[in-house]
Peer 1: 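A single structure is presented below for examination.
Indexing begins at 1, ligand by ligand and atom by atom, following the structure's order. All values below come from the heavy atoms of this structure, side chains included, with hydrogens, waters and symmetry mates left out.
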Amino acid sequence: MSDSKKALITGITGQDGAYLAASLLGRGYQVYGAKRPSLNSVVPRLERLGITDQVELVDIELLEYSNIHQLLCEVTPDEIYNLAAQSFPGAPLDQSLHTADVTGMGVARLLKAAHTACPEARVFQASTAELYGNCETTPQNELTRFQPRTAYGTAKLFAYWLGVDYRETAGMHFSSGILYNHESPLRGPEFVSRKITTQLAEISVGQREVLELGNLSSHRDWGYAPDYVEAMWLMLQQDQPDDYVLATGVTHSVREFVEGVARVCGLDIAWEGEGLDARGVDRKSGREIVRVNPDYYREEGGAELCGDASKARAKLGWSPETTFEELVVIMAEADLKAVRDSS
Ligand code: NAP
């Protein structure tokens, strides 16, 4: 029998699930990847990393308790990484019941099941910078007051405090990573970084006319997903469970992201106008290739979301290795190659 550690990853079909699985396999773990039962066995992100055959795919539905309990009894993992969530902060308010059920109550079901089925298992919970919402101070650290402003952030806050309760009153090894935005070529197309890379690549090969965005002056603390899954693992190797901000500590605007991607795609953008009237024109062709769509436009509220990861640096020895400039090139080159290959 193998004496390698067993890790269960929920959200295996997502961006972080794929990178974390690859990282744990590289460390000799037996990896159980939990996907929703409704899904067929196609797992494109694992395929893309070439690791589908090495991951034991299992079913999990966070909306229902007994299947989670049964799965944990069968697998008896040493480590559980809960990455599953309705993970889009911008999901419309009328989806708030679903968001609360998956992203909040789903964690309640998972923790209760783990406490019963495998109480020694160490648990990582993917928390989020959206916990800080409209906070007044920047940068944020583990002591900054939480003021979530979305159903997603509120559901994640419930999960965060419930985990603290299991840690303090039940002695569970529960740790939260307060994750700031982290991107990659595997990022979902609904997120702004990936929307920019796919659509500018399409524009550069003549498959699309224009990229429509919201507030170009919005700033984000953007990191590279493979760096962040390393911190998740490090957190579960500590004797004491704890919560850590995981962030780069540097922010860049959506406009800067667009400029970097445009360069890789051979486009040279000149900006005109501000706010809702801002637009980007390709200097070579004179064509408008970026415009603001008022439906996507949000004024920034509160202080800038920018993470102070000093605690992770001091206690875990973690800091992100990939710069913003490198991240933009990695993502842009991947999508440019994909559109060129398909055209
Ligand atoms: P993602 O790509 O959106 O993946 C989310 C995963 O959750 C998917 O595998 C999805 O499965 C699964 N899921 C959704 N509903 C489920 C349900 N009812 N039961 C079981 N599984 C369900 O997210 P990600 O970018 O990898 O992020 C990983 C985690 O980190 C998420 O919890 C996210 O909220 C958190 N986070 C991410 C970032 C970031 O910048 N990436 C920042 C802060 C926090 P399907 O494929 O079937 O939909």
Peer 1: Can you sort out which atoms of ligand 1 are near R187, meaning under 4.0 Å from one of its heavy atoms?
Peer 2: 25 (O), 39 (C), 40 (O), 41 (N)
Peer 1: Which atoms from ligand 1 have a heavy atom of N181 less than 4.0 Å away?
Peer 2: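 Near N181, the atoms of ligand 1 are 40 (O).
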Peer 1: Under 4.0 Å from any heavy atom of D16, which atoms of ligand 1 are there?
Peer 2: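 Listed by number with element: 26 (O), 27 (O), 28 (C), 30 (O).
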Peer 1: Is there a donor-acceptor contact under 3.5 Å linking the side chains of S175 and Q238?
Peer 2: no
Peer 1: The test is side chain to side chain contact (heavy atoms under 4.5 Å, CB included); show your working for V123 and L236 and say whether it passes.
Peer 2: CA-CA 7 Å; V123 181; L236 294 201; 5.9 Å; no
Peer 1: Can you tell me which residue among T10, D59, T13 is in a side chain to side chain donor-acceptor pair (under 3.5 Å) with K35?
Peer 2: D59
Peer 1: Can you check which of R36, Q125, E183 brings a heavy atom nearest to atom 15 (N) of ligand 1?
Peer 2: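 Closest candidate by heavy-atom distance is R36.
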Peer 1: Where the closest heavy atom to atom 2 (O) of ligand 1 is concerned, which of E64, Q15, R220 has it?
Peer 2: Q15
Peer 1: Does one hydrophobic cluster hold both I51 and L57, with members joined at side-chain heavy-atom distances below 4.5 Å?
Peer 2: yes
Peer 1: Are W233 and Y228 an aromatic pair by the rule of ring centers under 6.0 Å?
Peer 2: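 Judged by ring-centre distance (under 6.0 Å), W233 and Y228 do not meet the cut-off.
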Peer 1: Polar-atom distance check: L83 versus ligand 1, any N or O pair below 3.5 Å?
Peer 2: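 Yes, since at least one N or O of L83 sits under 3.5 Å from an N or O of ligand 1.
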Peer 1: Which ligand 1 atoms are under 4.0 Å away from a heavy-atom of S87?
Peer 2: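 Atoms satisfying the 4.0 Å criterion: 1 (P), 3 (O), 23 (O), 33 (C), 34 (O).
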Peer 1: Counting the benzene-type ring for Trp, do F324 and Y224 have ring centres under 6.0 Å apart?
Peer 2: no
Peer 1: Validate the cation-pi geometry between R279 and W271: distance from NZ or CZ to the six-membered ring centre under 6.0 Å, angle to the ring axis within 45°.
Peer 2: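 R279 over W271 ring: no.
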Peer 1: Counting heavy atoms only, which of A85, P37, A84 is nearest atom 14 (C) of ligand 1?
Peer 2: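 Among A85, P37, A84, the closest heavy atom to atom 14 (C) of ligand 1 comes from A85.
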Peer 1: Just jot down the ligand 1 atoms closer than 4.0 angstrom to any heavy atom of S127, in number order.
Peer 2: 43 (C), 44 (C)
Peer 1: Give the contacting part of E130 toward ligand 1: side chain, backbone, both or neither, where contact means a heavy-atom distance below 4.0 Å.
Peer 2: neither
Peer 1: Taking distance alone, with N or O pairs closer than 3.5 Å, would you say Q86 contacts ligand 1?
Peer 2: no
Peer 1: Indicate whether the side chain of T99 and that of Q86 have a donor and an acceptor atom separated by less than 3.5 Å.
Peer 2: yes
Peer 1: With a 4.0 Å cut-off on heavy atoms, is K35 touching ligand 1?
Peer 2: no
Peer 1: In terms of atom number and element, which parts of ligand 1 are under 4.0 angstrom from non-hydrogen atoms of G11?
Peer 2: 6 (C), 7 (O), 9 (O)
Peer 1: Can you check whether H252 and F257 have ring centres sitting under 6.0 Å from each other?
Peer 2: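 Centroid separation for H252 and F257: 6.0 Å or greater.
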Peer 1: Should T128 be counted as touching ligand 1, given the test is an N or O pair under 3.5 Å?
Peer 2: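 No: no nitrogen or oxygen of T128 is under 3.5 Å from one in ligand 1.
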Peer 1: Does an N or O from R45, backbone or side chain, lie closer than 3.5 Å to an N or O of ligand 1?
Peer 2: no
Peer 1: Using heavy atoms and a 4.0 Å limit, tell me yes or no: is V102 in contact with ligand 1?
Peer 2: yes
Peer 1: Polar contacts were defined as any N/O atom of the residue lying under 3.5 Å from an N/O atom of the ligand; does this apply to G17 and ligand 1?
Peer 2: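 No.
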Peer 1: Verify the ring-centre separation between F146 and Y132: is it less than 6.0 angstrom?
Peer 2: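 When the ring centroids of Y132 and F146 are compared, they turn out to be within the sub-6.0 Å range.
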Peer 1: I'd like to know whether Y29 forms a side chain to side chain donor-acceptor pair (under 3.5 Å) with D78, so could you lay out the CA-CA distance, the side-chain angles of the two residues, the decisive distance to 0.1 Å, and finally the verdict.
Peer 2: CA-CA 10 Å; Y29 277 71; D78 300 293; over 6 Å; no
Peer 1: Does R194 make a cation-pi contact with F191 (under 6.0 Å, within 45 degrees of the axis)?
Peer 2: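 Judged by the rule, R194 and F191 form no cation-pi pair.
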Peer 1: Out of all atoms in ligand 1, which are within 4.0 Å of some heavy atom of A126? Include the element for each.
Peer 2: 29 (C), 30 (O), 32 (O), 35 (C)
Peer 1: Look up atom CD in E256 and atom NE2 in H219, then write down how far apart they are to the nearest 0.5 Å.
Peer 2: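 Nearest 0.5 Å value for the CD-NE2 distance: 5.5 Å.
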Peer 1: Backbone or side chain, does any N or O of L62 fall under 3.5 Å from an N or O of ligand 1?
Peer 2: yes
Peer 1: Measure from atom 36 (N) of ligand 1 to every heavy atom in W222, Y152, Y19 and give the option owning the shortest one.
Peer 2: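 Shortest heavy-atom distance from atom 36 (N) of ligand 1: Y152.
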Peer 1: Taking distance alone, with N or O pairs closer than 3.5 Å, would you say L63 contacts ligand 1?
Peer 2: no
